[in-house]
K.L.:
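I have a structure I would like to understand better, so I am pasting it below and will then ask my questions one at a time.
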Amino acid sequence: MTDASLVVTDLRVEFSGFVAVGGVSFDAHPGEVRFLIGPNGAGKTTCIDAITGLSKGTGSARLGEKELLGKQVHKIVRLGVGRTFQTASVFDELTVLQNLDIAAGRHRSPISLLRARRGVDPSIEQALEETGLSGELATQAGILSHGQKQWLEIAMLLVQDAKVLLLDEPVAGMSHDERTATGELLQRIAAKRIVLVVEHDMDFMRRFATRVTVLHQGKVLSQGSVAEVQADPKVQEVYLGTAGAATTAAMSVVPEPVAATKNRTED
Amino acid sequence: MTKSKSWLSLSGIGVFAVLLLAVAPLMLTDHWLNNLGKYCCWAIAAVGIGLAWGRGGMLVMGQGVFFALGAYSMAMHLTLETAGDRIPGFMVLYDPLAPLPMFWEPFRSATFTLLAIVLLPVIVAGILGYALFKRRVKGAYFAILTQALAVALAVLISSTIRETGGDTGLSDFKYFFGFVLNDPANKAMVYFIAAALLIVCLLAVWQLYRSRFGELLVATRDAEERVRFLGYDPANVKLVAFIVSALMASIGGALFVPIVGIITPAEIGAAASILMIAGVAFGGRASLFGPALGAMAVGWGQSSLGSTWPEGWTYILGLLFIVVVLFLPNGLSSLPARLAAARRKPDVQPTPVIVAAELEEVRS
Ligand SMILES: Nc1ncnc2c1ncn2[C@@H]1O[C@H](COP(=O)(O)OP(=O)(O)OP(=O)(O)O)[C@@H](O)[C@H]1O
Ligand SMILES: [Mg+2]
């Protein structure tokens, strides 16, 4: 679907003097599940906000040849950058189908917008199948389970035909099985797209990340494979110093070679 | 929206059309038919408010502005038609020798007047909406701004007695596009036009609500940022709904003039604008029929109770409003669904069911 990469160079975001992101560089390529981790307040969400035009940033964020910084939100989306939010945000009052139909609809002409929908777009059916929501077509999005809402958000990005998926804590609040399903979904999606995941869940990261960037206080602390990052003493220090015991424990577990990682890097 | 629900609404419009266009003229006296025509005018404006506020989430507190654009366009034309070659009577009172103000001149033309009724609100709402929505003005700020415009326009009209008739307004229209207005048959014709246009407006929003645009509008109302991140510009979505609602207010205002026979700043100012909102809230802002029926009910209360017992009517209206806001936030049209829900699960906390029922309402 895309050969272009997302390249972020020296990204800076300030909020009235406070430097939330202070010169962050990283890149993400199709075919990998790219992770952005870091303690609370490290600037992960702010990075995504800047890339998607929600916050004003300086430096550069390029998708292929195209510069994203400085463009309006909906124009960045039209270049193929899609995102989810830390709190699931679907249209609660609309059904799953209506949610997806809106996501699929930005290419529609004004006239076709004035007509009622007939049938289901093939792209929507495909996304429903991919995310396991086929049975929920007519369900009110507001009454979906938390995990299903997150999947619906991912499905919306799929029908929107995003080349870049920026996912802010997609497995927060999910059960273990749901996490596994989501991770596998992300691996499938990433085959043809750029997937960047912001996560706190270290176990999830270890199982599904191909490459990781660790942010701390608005700067890149470490970058590399899961094993490299976990072996980095600076990372261990930050996580020992700032995060809870669970995180520390998770970080210190020596990663097993992840099967998924190999699969991904082959192509 | 389910298919069957949508067609049910359409047959509802059919029934409503039969009631307004066939039953009412047979049953009502000329006087009450004329009153019903007046309620239809408010209902037309209310249908637009339902679209902008109920579905679009824009609390349009100044629809009096657009009502005025239609009403004064029409009133100027009818005044000139009545005056013939002479200067309109009220102007002569202040200065017998002064010429007709420049902006009155084009309203001699019937075509220009009809175009103005349609295009003026579209242009004004287009410019205003573009400026506000692109700047992401919303919520209370939007409401206050629109309300302030209605106040400003009413003050402007009040203070330009010679040009607009001031507080006394424009009245004493003898002709309506060549038809003699005090002929009951012609009065009935004007009623039919108003009733028919109300039906047309209902059909228009029926189609809008079942269209993809209707879904997008609800999505924009509930999560504007999310819509932006799907690649739409929410400002454009809101702009379309705002312009359509302004157009409807203008059409309501234009027909109000020949039916009621007078237009004054009081009919378009802050109080009038709020009364339009009140009717919509009362009937159910997000439903198809709620705004129209609510506006007609408030209109009826206004002309029956309001004339026989004016002090009491204000309190009744206030009380009604409080009750609706407190106990039926989605208006009277949500009552059947709520009752049904309460009957189905008498002991269980009914909230989820109600929510579902009201959602149905929103998607109808
Ligand atoms: N709009 C804003 N105005 C001012 N400060 C902000 C704003 N948004 C974020 N910040 C600050 O920027 C810093 C980085 O926030 P950010 O939300 O990017 O962190 P995060 O890494 O996503 O953290 P978390 O894991 O808690 O989601 C925080 O100190 C936060 O308080
Ligand atoms: Mg965050």
Side-chain angles (χ1 to χ4, degrees), chain A residues 48-49 51-54 72-85 87-95 97-119 121 138-143 152-153 156-157 159-162 165-166 168, chain B residues 1-7 9-10 54-55 57 133-134 136 203-237 239-241 243-244 286 330 351-353 355-364:
Chain A
I48 292 188
D49 286 351
I51 295 169
T52 55
L54 194 57
Q72 283 176 298
V73 166
H74 62 275
K75 303 231 163 101
I76 295 175
V77 176
R78 289 175 194 174
L79 291 176
V81 181
R83 73 171 289 179
T84 63
F85 291 85
T87 45
S89 62
V90 294
F91 307 119
D92 284 347
E93 293 214 351
L94 301 178
T95 63
L97 173 60
Q98 287 172 321
N99 268 274
L100 290 171
D101 192 65
I102 289 176
R106 107 187 115 84
H107 300 293
R108 291 191 190 113
S109 69
I111 295 301
S112 80
L113 274 180
L114 293 178
R115 283 199 296 266
R117 175 185 39 256
R118 293 195 190 81
D121 265 26
T139 311
Q140 208 83 55
I143 59 175
L152 175 55
E153 284 215 85
M156 285 164 82
L157 294 181
V159 297
Q160 181 186 329
D161 202 15
L165 287 83
L166 307 171
D168 203 349
Chain B
M1 172 173 52
T2 55
K3 272 229 164 71
S4 58
K5 184 111 206 299
S6 160
W7 294 109
S9 306
L10 189 61
R55 301 285 168 131
F133 301 140
K134 289 284 177 188
R136 307 196 189 170
L203 286 171
V205 291
W206 172 79
Q207 175 59 29
L208 279 182
Y209 290 175
R210 70 196 279 271
S211 74
R212 286 176 149 137
F213 175 81
E215 293 171 356
L216 188 56
L217 186 62
V218 170
T220 306
R221 175 192 71 191
D222 293 342
E224 191 171 328
E225 273 319 304
R226 193 72 186 88
V227 169
R228 204 185 302 283
F229 278 102
L230 291 175
Y232 299 94
D233 187 350
N236 295 340
V237 179
L239 194 60
V240 171
I243 288 176
V244 172
N330 286 315
T351 318
V353 185
V355 170
E358 286 165 359
L359 296 177
E360 267 307 304
E361 186 63 43
V362 168
R363 285 180 300 138
S364 67

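Naming: A, B, ... by sequence-line order, numbering from 1 per chain. For clarity, every value in this text was computed on a predicted model and none was experimentally measured.
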K.L.:
Can you find a heavy atom in the side chain of B:Glu215 that is under 4.5 Å from one in the side chain of A:Asp101?
P.N.:
yes
K.L.:
Within the 4.5 Å heavy-atom criterion, are B:Tyr232 and A:Ile102 side-chain neighbours or not?
P.N.:
yes
K.L.:
Show your reasoning for whether side-chain contact (heavy atoms from CB on, under 4.5 Å) applies to A:His74 and B:Leu230.
P.N.:
CA-CA 7 Å; A:His74 62 275; B:Leu230 291 175; over 6 Å; no
K.L.:
Under a 4.5 Å cut-off applied to non-hydrogen side-chain atoms, are B:Arg212 and A:Arg115 in contact?
P.N.:
no
K.L.:
Tell me which of these, A:Met156, A:Glu153, A:Arg106, A:Lys75, has more heavy-atom pairs under 4.5 Å with chain B than the rest.
P.N.:
A:Arg106
K.L.:
Could I get the full list of ring-ring contact (aromatic ring centres under 6.0 Å, His included) partners for A:Phe91, not counting sequence neighbours?
P.N.:
none
K.L.:
Side chain, backbone, both or neither: which part of B:Leu208 has a non-hydrogen atom closer than 4.5 Å to chain A?
P.N.:
side chain
K.L.:
Compare all side-chain heavy atoms of B:Arg221 with those of A:Glu93 and state whether any distance is below 4.5 angstrom.
P.N.:
yes
K.L.:
With a 4.5 Å cut-off on side-chain heavy atoms, are B:Asp222 and A:Asp92 touching?
P.N.:
no
K.L.:
State which residues pass salt bridge (charged side-chain N to carboxylate O under 4.0 Å, His left out) with B:Asp233; sequence neighbours excluded, sorted by chain then number.
P.N.:
B:Lys134
K.L.:
Side chain, backbone, both or neither: which part of B:Val240 has a heavy atom under 4.5 Å from chain A?
P.N.:
neither
K.L.:
Would you say B:Arg226's side chain and A:Ser89's backbone share a donor-acceptor pair under 3.5 angstrom?
P.N.:
yes
K.L.:
What's the spacing between B:Phe229 CZ and A:Ile76 CD1 if we round to 0.5 Å?
P.N.:
8.0 Å
K.L.:
Search all heavy atoms of A:Leu94 against all heavy atoms of B:Ala219 and return the closest pair with its distance.
P.N.:
CD1-CB, 3.9 Å
